[in-house]
Q: 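The structure under discussion is supplied below as structure tokens; questions concerning it will follow.
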Amino acid sequence: MRILQVSAELFPLLKTGGLADVAGALPIALAAAGQEVRVLLPGFPAILAGVVDLAPVAELRAPRGDTSRLLFGRVQTTGAPDVPAYVIDAPALYDRPGNPYENADRQPYDDNHRRFALLGWAGAQLAQGLDTAWQPQVVHAHDWHAGLVPAYLAFAQRPAGPRVGSVFTVHNLAYQGVFAPWHFADLGLPGPAFQVNGLEYHGQLSFMKSGLYYADRLTTVSPTYAREIQTSEQGFGLDGLLRARNGVLTGILNAVDDQVWNPANDTLLADRFEARRMAGKALSKAALQRQLGLSELPDAPLFIVVSRLTEQKGLHLVLSGLDALLEQGGQLALLGGGDAWLEDAFRHRAVAMPQSVSVTIGYNESLAHQLFGAGDVTLVPSLFEPCGLTQMYGLKYGCLPLVRRVGGLADTVVDTTLEDMADGEATGFVFDRFEPGDYARAMRRAFALYRRPTDWKRVRATAMRRPVDWATAAAQYIAVYQQAIA
Ligand code: ADP
Ligand code: GLC
């Protein structure tokens with residue numbers, strides 16, 4: 001099958017969160033399963049710099065008449081064939097430093113509707129044969145940034161040739177790409193698109209709703225989240241539409257790219273390790289404690305956080321439980337960036353107790369690997385979590401996840417209850433209610449298990465052996481693509 005994947009980010013070229021990890025790994029897994037995959041990306045500086053052998057393939061004429069160039073090249077990978085990539089070269093829209101969505105003051109760019117309409121437009125044009133050498137059979141659009149692909153396709157004139165299927169994946173319903181109604185004219189869609197049965201959302205334009213309404217098939221990134229977004233609590237106003245379309249909605253759990261995240265050959269760690277050879281983890285812990293200025297105590301359980309610092313991630317629970325964590329002899333190492341109040345609050349705690357609390361504000365791929373390699377417990381107490389990747393990295397690196405039972409966290413971590421330990425299923429610590437008391441009890445369980453080294457090692461080995469490969473997810477996506485074409 002010929003598949004075109006459309007996304008705003010792609011690891012290792014440009015990443016602000018898990019979307020990039022998925023957009024980078026899925027094409028490789030699909031290619032390994034025998035599919036012919038190409039990706040389409042906006043020409044942000046990091047993408048133009050990272051895609052190799054770029055050459056023009058077509059001129060792209062946007063609905064408002066502006067023209068830009070569509071380039072074609074390759075994304076290099078480690079240990080897999082390169083991924084063919086189209087890039088939209090539109091400097092007026094994309095040539096801006098820093099975050100792809102926001103300016104230096106963390107405000108969304110005023111012309112985001114045009115920047116991402118062009119991404120959707122280019123995806124739909126490729127589906128209609130813009131590149132005479134290659135035409136996809138299915139277009140797979142990710143998140144609101146690519147949400148207009150299915151709308152443009154739904155309204156496209158298709159004289160001859162086979163129908164191209166569209167699949168839209170929700171990575172996070174909290175970010176919807178909602179714009180003022182007067183921008184509708186800029187999109188180049190016909191009037192009927194701006195209706196309740198279309199992309200109109202409470203009088204505004206919603207790129208997310210466009211994807212959800214017009215795509216042939218919908219997916220989201222875990223089975224539990226697929227159910228949650230059909231409820232008013234987690235539907236962000238789109239639950240009605242999602243319930244109406246539930247027959248075409250599938251939850252497909254994300255996985256872990258073994259070429260990027262594998263403690264057995266991760267050169268970013270002080271030493272390598274695997275389930276039956278764990279000395280390297282102790283070494284990595286000592287090295288990281290030294291590097292971060294934490295007391296070099298091998299038996300102090302090291303709790304880590306690698307996260308965007310936003311309300312979604314529930315980090316005020318970590319703050320509220322920090323005294324108890326320290327009183328029980330634990331250490332905390334956090335890496336993250338986001339909301340200023342959270343950055344300040346964590347920084348403040350690190351300044352007060354530098355031997356026990358380390359806080360690194362910013363984005364740092366190497367340190368992220370080192371934290372999973374060194375840590376004992378990965379904290380992910382999210383309010384909501386479509387899938388979550390850091391708990392899976394925690395599992396793989398033997399840094400047991402402590403998570404709230406929500407979204408993909410509920411689908412990937414098994415609590416250390418006595419029965420699940422006896423059955424050899426337990427892999428971490430899970431709590432239910434989003435409140436300090438429940439979080440504190442889960443943390444108590446983590447400390448209690450840590451003081452029983454034989455049990456700790458058994459749970460850790462189970463976590464590290466849990467399969468999280470992309471091949472399973474790729475097979476499920478292929479089934480969805482086939483349905484979209486049928
Ligand atoms: P989300 O996409 O909601 O942010 P995920 O858990 O799916 O959450 O993915 C987050 C990804 O971003 C992971 O690969 C994680 O390691 C990475 N990440 C988050 N914050 C940082 C940071 N400050 N530095 C490096 N990597 C980070
Ligand atoms: C989103 C979600 C996260 C998910 C990621 C990749 O950013 O917040 O839970 O893992 O997308 O699908």
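Both backbone and side-chain heavy atoms feed into the values below; hydrogens, waters and symmetry mates do not. In each ligand, atom 1 is the first atom listed, and ligand 1 is the first ligand listed.
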Q: Could Glu9 and Lys15 be called an ion pair, given the rule that one side-chain N must be under 4.0 Å from one carboxylate O?
A: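 Lys15 and Glu9: not salt-bridged.
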Q: Taking the minimum heavy-atom distance to atom 4 (O) of ligand 1, which of Arg308, His171, Met392 ranks first?
A: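 Ranked by closest heavy atom to atom 4 (O) of ligand 1, first place is Arg308.
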Q: Would you mind telling me if ligand 1 is within reach of the side chain of Ser307, the backbone, both or neither, using heavy atoms under 4.0 Å?
A: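 For Ser307, only backbone atoms sit under 4.0 Å from ligand 1.
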Q: Among all protein heavy atoms, pick the one closest to atom 26 (N) of ligand 1 and tell me residue, atom and distance.
A: Tyr363 CE1, 3.3 Å
Q: Evaluate the criterion salt bridge (charged side-chain N to carboxylate O under 4.0 Å, His left out) for residue pair Glu343 and Arg106; output intermediate values, then yes/no.
A: CA-CA 14 Å; Glu343 292 184 354; Arg106 296 220 170 119; 3.6 Å; yes
Q: Tell me which protein heavy atom sits closest to atom 2 (C) of ligand 2, plus the residue, atom name and distance to 0.1 Å.
A: His171 O, 3.2 Å
Q: Which residue supplies the protein heavy atom nearest to atom 12 (O) of ligand 1, what is that atom called, and how far is it?
A: Lys15 CE, 3.5 Å
Q: Compute the minimum heavy-atom distance from Gly17 to ligand 2 and say whether it is under 4.0 Å.
A: no
Q: N/O of Asn364 under 3.5 Å from N/O of ligand 1, yes or no?
A: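 So ligand 1 has an N or O lying under 3.5 Å from an N or O of Asn364.
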Q: Considering the heavy atoms of Val306, write down every atom of ligand 1 situated less than 4.0 Å from one of them.
A: 16 (O), 18 (N), 21 (C), 27 (C)
Q: When you measure from the centre of the six-membered ring of Phe44, is the NZ or CZ of Arg96 closer than 6.0 Å and no more than 45° off the axis?
A: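 No, Arg96 does not lie over the aromatic ring of Phe44.
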Q: I need the single residue from Phe179, Tyr175, Trp144 that forms a ring-ring contact (aromatic ring centres under 6.0 Å, His included) with Phe116. Which is it?
A: Trp144
Q: For atom 15 (C) of ligand 1, find the nearest protein heavy atom and state the residue, atom name and distance (0.1 Å precision).
A: Thr390 CG2, 3.7 Å
Q: Taking the basic N atoms (NZ, or NE/NH1/NH2) and the acidic carboxylate oxygens, is any pair closer than 4.0 Å for Arg114 and Asp111?
A: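 Looking at Asp111 together with Arg114, the answer is no, because their closest N to O distance does not fall below 4.0 Å.
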Q: I'd like to check whether Asn172 has a polar contact with ligand 1, where a contact means an N/O of the residue lying under 3.5 Å from an N/O of the ligand.
A: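 No - when backbone and side-chain N and O of Asn172 are compared with those of ligand 1, no distance drops under 3.5 Å.
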Q: Which of the atoms of ligand 1 are close to Gly336, meaning less than 4.0 Å from one of its heavy atoms?
A: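 The list of qualifying atoms is 23 (N).
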Q: Look at ligand 1 and say whether Phe11 reaches it with a heavy atom at a distance under 4.0 Å.
A: no
Q: So which heavy atom on Ala215 is nearest to which on Phe168, and how close?
A: CB-CB, 3.6 Å
Q: Mind listing the closest non-hydrogen atom pair of Phe236 and Ala174 along with its distance?
A: CZ-CB, 3.6 Å
Q: Applying a strict 4.0 Å limit to heavy atoms, is Gln391 in contact with ligand 1?
A: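 It does not, in that no heavy atom of Gln391 comes within the 4.0 Å cut-off of ligand 1.
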Q: List for me each residue that meets side-chain contact (heavy atoms from CB on, under 4.5 Å) alongside Ala29, sequence neighbours excluded, and say none if there are none.
A: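 Partners of Ala29 under the side-chain contact (heavy atoms from CB on, under 4.5 Å) test: Trp470, Ala474.
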Q: Kindly indicate whether the side chain of Met278, heavy atoms from C-beta on, has any atom under 4.5 Å from the side chain of Met464.
A: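 Yes - at least one pair of side-chain heavy atoms lies under 4.5 Å apart.
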Q: Does ligand 1 come near enough to Leu389 that some N or O of the ligand is less than 3.5 Å from an N or O of the residue?
A: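 Among all N and O atoms of Leu389, at least one is under 3.5 Å from an N or O of ligand 1.
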Q: Given Leu367, Asp21, Val221, Val256, identify the one with the heavy atom nearest to atom 13 (C) of ligand 1.
A: Asp21
Q: Take Glu36 and Arg2 through the salt bridge (charged side-chain N to carboxylate O under 4.0 Å, His left out) test and state the conclusion after the steps.
A: CA-CA 5 Å; Glu36 205 182 300; Arg2 291 185 306 279; 5.1 Å; no
Q: Any idea which protein heavy atom is nearest atom 10 (O) of ligand 2, and the distance to it?
A: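 For atom 10 (O) of ligand 2, the nearest protein heavy atom comes out as Gly388 N, 2.8 Å.
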Q: Suppose I only count heavy atoms of Gly18 and a 4.0 Å limit; which atoms of ligand 2 are within that range?
A: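 By the 4.0 Å cutoff, the relevant atoms are 5 (C), 6 (C).
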Q: Among Glu9, Gln312, Glu385, which one has a heavy atom closest to atom 3 (C) of ligand 2?
A: Glu385
Q: Counting both backbone and side chain atoms, is some N or O of Val22 under 3.5 Å from an N or O of ligand 2?
A: no
Q: Provide the number and element of each atom of ligand 2 under 4.0 Å from a heavy atom of Asn172.
A: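 With Asn172 as reference, the close atoms of ligand 2 come out as 8 (O).
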Q: Does Arg308 come within less than 4.0 Å of Asp339, counting only side-chain N to carboxylate O?
A: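 Salt bridge absent between Arg308 and Asp339.
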Q: Go through ligand 2 atom by atom and flag the ones less than 4.0 Å from a non-hydrogen atom of Val221.
A: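 Going through ligand 2 atom by atom, the ones under 4.0 Å from Val221 are 12 (O).
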Q: How about Glu274 and Asn262: do any of their side-chain heavy atoms sit closer than 4.5 Å?
A: no
Q: Against ligand 1, does Gly388 come closer than 4.0 Å with any heavy atom?
A: yes
Q: With a 4.5 Å limit on heavy-atom distance, are the side chains of Asp257 and Asp21 in contact?
A: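 No, side chains not in contact.
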Q: Does Lys313 have a non-hydrogen atom less than 4.0 Å from ligand 1?
A: yes
Q: May I ask you to check if ligand 1 and Gly18 share an N or O to N or O distance below 3.5 Å?
A: yes
Q: Side chain to side chain contact (heavy atoms under 4.5 Å, CB included) for His171 and His142? Distances and angles first, verdict last.
A: CA-CA 7 Å; His171 290 265; His142 292 268; 2.8 Å; yes
Q: Looking only at non-hydrogen atoms, find the nearest pair between Phe447 and Leu325 and report the distance.
A: CZ-O, 3.4 Å
Q: Could you tell me whether ligand 1 has any atom less than 4.0 Å away from a heavy atom of Gly362?
A: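 Flag set, Gly362 near ligand 1.
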Q: Under 4.0 Å from a heavy atom of Asn254: give me the atoms of ligand 2 that qualify, with their elements.
A: 6 (C), 10 (O), 12 (O)
Q: Output, in order, the C-alpha distance, side-chain angles, deciding distance and verdict of salt bridge (charged side-chain N to carboxylate O under 4.0 Å, His left out) for Asp438 and Arg404.
A: CA-CA 9 Å; Asp438 270 31; Arg404 190 160 96 86; over 6 Å; no
Q: State the atoms of ligand 2, each with its element, that fall below the 4.0 Å cut-off from a heavy-atom position in Pro386.
A: 2 (C), 8 (O), 9 (O)
